[in-house]
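What follows is a short report on a single structure.
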Protein chains: 2
Amino acid sequence: MTVTLADVAARARVSPATVSRVLNGNYPVAASTRERVLRAVDELDYVLNGPASSLAAATSDLVGILVNDISDPFFGIMAGAVQSEIGGPEGMGRAGGEKLAVVCNTGGLAERELTYLTLLQRQRAAAVVLTGGALEDPEHTAAMSAKLAKLTRAGTRVVLCGRPPMPGPDGAADDHPAPAVLAFDNRGGARRLTEHLLALGHRRVGYVAGPPGRTTTRDRLEGHREALAAVGLATSAQERLTVHGTYSRGSGFDAARELLRRDPELTAIVAANDTVALGVCAALRDQGRRVPEDISVAGFDDLPFSVDAAPALTTVRLPLFEAAARAGRLAMGKEAPPPGGIATVEAELMVRGSTARPNG
Amino acid sequence: MTVTLADVAARARVSPATVSRVLNGNYPVAASTRERVLRAVDELDYVLNGPASSLAAATSDLVGILVNDISDPFFGIMAGAVQSEIGGPEGMGRAGGEKLAVVCNTGGLAERELTYLTLLQRQRAAAVVLTGGALEDPEHTAAMSAKLAKLTRAGTRVVLCGRPPMPGPDGAADDHPAPAVLAFDNRGGARRLTEHLLALGHRRVGYVAGPPGRTTTRDRLEGHREALAAVGLATSAQERLTVHGTYSRGSGFDAARELLRRDPELTAIVAANDTVALGVCAALRDQGRRVPEDISVAGFDDLPFSVDAAPALTTVRLPLFEAAARAGRLAMGKEAPPPGGIATVEAELMVRGSTARPNG
DNA sequence: GCGATGACAGCAAGCGCTTTCTATCGGATA
DNA sequence: TATCCGATAGAAAGCGCTTGCTGTCATCGC
């Protein structure tokens, strides 16, 4: 039924071995032979059997990308960037190193993260890129560590992108290479953002945090608190002005109302990310408050739509595409890992129209 | 080095066949035996070898999803929805039918589309979901048809989501099942949108079209023209008020300026999609024109951020998630294909703040 | 009480490719 | 001229799993 290597070999009057070598281009084959083989491939419309090939070669050309939510542009951008580096499909054989991206939607769920990793391990994935913040549950962290160590040991390259470094696996002798890490400076970015607000004169600043138990949530919140503490605003007092939610618009909407209820005199609200910030703006508009005249709003990430909000959102820019592209290169072994295996990706403050002096 | 089926078998004191059957759950195995096997699997921390399994079983648990641009929420939402139906990873063996999603970013390029299809064919993908409009090049269409027919014949289920039906493969006897199709009513949606504008009293309406040579672009433009023609506005005159661009914000920005240059008296601009519409709004704001007081703007798709634009965008809602989820179910064979293999997904007009009467 | 019938379990033959090792052949070397 | 070597090509042994076909008992019907 389907055409196999052997069929091509027969047609080209060579051995299967030779066909394989032509397709993989990793062994000298006389030009004339190669051409004959290629012609046969063409004529028979032959397509390599991936599983068979992977089995025999003990490698596959799949690269896993774990994301929390692929419908969120934050992850979409990263997934696209990784793929742009691993992808460019072209050519026949497994030559050239082009890989297929397997995008895994974890929904931020611990067990799904683990199961997907197992699935990728089963596929003998060439590499795995983990994006987004990590869950802070120690048990889960340990399980992840162990799993990643196993993957690494099996030859899968592991890269963390926008995720903090992990502790080495439990007490094992650390012979295998540690995952490469590209960590986002969430804390520094958040600090600078709040400093900007403070510099404008704001002193009553609400904060809409992300879901608890995530490193991203924690880091951004800590950066925020750091800035507040630096001007003498007590953390304890701030706690009342912090509301946790999800990374969604609706969450921002609800949180804004709640914050205003807790302190109607708020002059600024910082959101966990841009999507949430948009929800905050919507709630404010709903309540007849103008942004930024009555109240300033700031986001985080600088997703493409942020500049189009009205007013344009003050936020912190994370170079998602660039970082993820680099992660892709690391995953492909096209780029040397950073010294120490860890690099920090800077976050840049973007001041735009949604923040202004209070009572402005 | 790695644990194999045989190791598990030895440990559980059964044959490899039995282990395989326990893992796949497709053959009766005594409860006590099963338990013994499962324990061994656990103790040895065994992970099935996917490629080997796929080779032997001649199937794989990969599902391909072709998208133009995964960083665009339009596609992100669909990819996520498909995955939500095929995904839910759980359990050991290949039981339960959980599949891994392979997201392929074609960038809207013909040859990449084809190559990805070949790659998926090579992986013996269980199913392939193609999203987004199709290229109109007849040669490419024929090539795609042929490729899809090959995939179908090889047992891969093919589903088109948000893409028009394809002509059957060139003259071949149509024995194999045709792809299931979920087509978006782009034309009808566009028509209703422009009718809405006309009903408000607009007569000078600019149109920012998508890239030429795509069915989506054509359908939406045709719907628009249809509505105009219905009130007696000549198509020829309208051509001057149509600008083509990409599906990007920048494209909308530039196009708006161009349209205004061509006709400064424009009272409304319809954009190919929401992202473009946002760019249009930005350009308008830049030029000191208020939306909707001076000029109305409308988009298409109703992506999540559209409701948060200021003013909220009038647009046409496409039930992306629902449609793609259905596509996922079709791909999994969990749902019967629509009668005739083709279903049309309705597009709903969403009137919001960005459109108003002219000189309003 | 005996063959028929199930319910399980094992054997062994692949699935289609990669890769090591070996064979061949036309020079280049001495 | 005999030997050696580089450049190619082939033979064949798997890679780890699935599955059709065979047993092997224990139970069942009459």
Side-chain angles (χ1 to χ4, degrees), chain A residues 1-38 40-41 44-61 92-95 119 121-124 126 154-155, chain B residues 1-38 40-41 44-61 92-95 119 121-124 126 154-155:
Chain A
M1 170 72 215
T2 28
V3 183
T4 73
L5 235 212
D7 299 330
V8 176
R11 169 129 202 167
R13 325 193 116 272
V14 296
S15 71
T18 301
V19 177
S20 168
R21 301 205 256 244
V22 167
L23 260 23
N24 291 305
N26 52 7
Y27 192 88
V29 173
S32 65
T33 312
R34 179 192 345 281
E35 201 186 323
R36 204 143 32 91
V37 169
L38 259 16
V41 164
L44 295 179
D45 207 6
Y46 170 70
V47 174
L48 192 65
N49 183 316
S53 168
S54 292
L55 171 58
T59 68
S60 88
D61 35 12
M92 268 310 307
R94 299 182 307 127
L119 246 32
Q121 179 182 4
R122 170 185 306 179
Q123 298 297 337
R124 305 302 188 250
Chain B
M1 173 70 219
T2 26
V3 183
T4 72
L5 236 212
D7 299 329
V8 175
R11 170 130 201 165
R13 324 193 117 272
V14 296
S15 72
T18 301
V19 177
S20 169
R21 302 206 254 243
V22 168
L23 261 23
N24 291 305
N26 52 7
Y27 193 87
V29 172
S32 66
T33 312
R34 183 198 335 286
E35 200 186 325
R36 204 143 32 91
V37 169
L38 257 17
V41 164
L44 295 180
D45 207 6
Y46 169 70
V47 174
L48 190 67
N49 183 317
S53 170
S54 293
L55 171 57
T59 68
S60 89
D61 36 12
M92 270 309 309
R94 300 179 308 124
L119 247 31
Q121 179 182 4
R122 171 184 306 180
Q123 299 297 337
R124 304 303 189 249

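A note on names: the letters A, B, ... follow the listed sequences, proteins ahead of strands, and every chain is numbered from 1. Small disclaimer: the values here were computed from a predicted structure and weren't measured.
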Identify the two heavy atoms, one from [X] and one from [Y], that lie closest to each other, and give their separation to 0.1 Å.
X	Y	result
Tyr46(B)	Asn49(B)	OH-N, 4.1 Å
Leu44(B)	Val3(B)	O-CG2, 3.6 Å
Arg122(B)	Pro51(A)	O-CD, 3.5 Å

For the pair made of CZ in Arg34(B) and C1' in dC8(C), what is the distance, rounded to whole Å? 12 Å
In whole Å, I'd like the distance from the CD atom of Glu35(A) to the P atom of dT8(D). 15 Å
Given 3.5 Å as the limit, does a donor-acceptor pair link the side chain of Ser20(B) with the main chain of Pro16(B), or not? no
Which is true for Val19(B) with a 4.0 Å heavy-atom rule: it touches a base, it touches only sugar-phosphate, or it touches nothing? nothing
Taking side-chain contact (heavy atoms from CB on, under 4.5 Å) as the definition, give me every residue that meets it alongside Ala56(B), ordered by chain and number, with sequence neighbours left out. none
For Ala10(A), check side-chain contact (heavy atoms from CB on, under 4.5 Å) against everything at least two apart and list the hits. none
Can you give one letter per nucleotide of nucleotides 10-16 of chain C, 5' to 3': B if a protein heavy atom sits under 4.0 Å from the base, S if only from the sugar-phosphate, - if neither? BB--BBB
I want to check one thing: is the phosphate of dT8(D), taken as OP1 and OP2, less than 4.0 Å away from some side-chain N or O of Thr33(A)? no
Any side-chain N or O of Asn24(A) under 4.0 Å from OP1/OP2 of dT19(C)? no
Checking Arg36(B) now: which residues fulfil salt bridge (charged side-chain N to carboxylate O under 4.0 Å, His left out) with it, not counting sequence neighbours? none
With sequence neighbours left out, write down each residue that passes salt bridge (charged side-chain N to carboxylate O under 4.0 Å, His left out) with Arg34(B), or none if nothing qualifies. none
Between the opening five pairs and the closing five pairs of the helix from dG1(C)-dC30(D) to dA30(C)-dT1(D), how far apart are the helix axes, to 10°? 30°
